[in-house]
Undergrad: 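Before we start, here is the structure in question, set down as structure tokens.
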Amino acid sequence: MGRRPAPADSGPHFQDKKDPVQPSVNPVYANPRNEIWLDFTTDRLGNGFAVARVKWGFGEREASSIVIHETRTHTDPGHAGTAGARLACLTADF
């Protein structure tokens, strides 16, 4: 039996201006204007809602997943763009 896909298989965060250092934790690149952050909190029934708007598009570059992390997205230097463990990955057509 083969290996089951894991959330980390989705690769690094999609960035409009790609950080040359990956994983990106530099707030110049890892920020909600350069990445799409969908931070949300669920209610007691497990429902959550998030919206992100950026001034750029994917263009010809590949983006095909949404990753759910365990915490809110951090913004401090050295931790920017991190949000704890990857809990799930969903395939999406953008």
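Because the structure is a prediction, the values reported are computed rather than measured.
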Undergrad: What's the spacing between Ile36 CD1 and Gln15 CD if we round to 0.5 Å?
TA: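 Here the rounded value is 11.5 Å.
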Undergrad: Treating Ile, Leu, Val, Met, Phe, Trp and Tyr as nodes and any side-chain heavy-atom pair under 4.5 angstrom as an edge, say whether Val54 and Leu38 lie in one connected cluster.
TA: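 Yes, one cluster joins them.
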Undergrad: Let me confirm one number: the CG-CD distance from Leu87 to Glu70, rounded to the nearest 0.5 Å.
TA: 6.0 Å
Undergrad: Under 3.5 Å, sequence neighbours excluded: what are the donor-acceptor pairs made by side chains of residues 16-23?
TA:
from: Asp19; atom 1: OD1; to: Val21; atom 2: N; distance (Å): 2.8
from: Asp19; atom 1: OD2; to: Ser24; atom 2: OG; distance (Å): 2.7
from: Gln22; atom 1: NE2; to: Asp19; atom 2: O; distance (Å): 2.9

Undergrad: Minimum heavy-atom separation for His74 and Asp76, please, with both atom names.
TA: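 It is CB-OD1, 3.6 Å.
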Undergrad: Ignoring hydrogens, what is the shortest heavy-atom contact between Arg86 and Val67? Give both atom names and the distance.
TA: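 The pair with the smallest heavy-atom distance is CG-CG1, 3.6 Å.
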Undergrad: Which heavy atom in Asn34 sits nearest to a heavy atom in Asn31, and how many Å separate them?
TA: N-OD1, 2.9 Å
Undergrad: Parallel, tilted or perpendicular: which fits the ring planes of Phe58 and Phe14, with parallel below 30° and perpendicular above 60°?
TA: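 Perpendicular.
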Undergrad: Which atom pair, heavy atoms only, marks the closest approach of Trp37 to Gly81?
TA: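 Looking at all heavy atoms of both residues, the shortest contact is CZ2-CA, 3.9 Å.
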Undergrad: Drop me the distance from Phe40's CZ to Ile68's CD1, to the nearest 0.5 angstrom.
TA: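 Phe40 atom CZ to Ile68 atom CD1 measures 4.5 Å (nearest 0.5 Å).
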Undergrad: Between Pro27 and Pro77, what is the shortest heavy-atom contact and its length?
TA: CD-CA, 3.8 Å
Undergrad: Roughly how far, to the nearest 0.5 Å, is NE2 of His13 from OG1 of Thr73?
TA: 7.0 Å
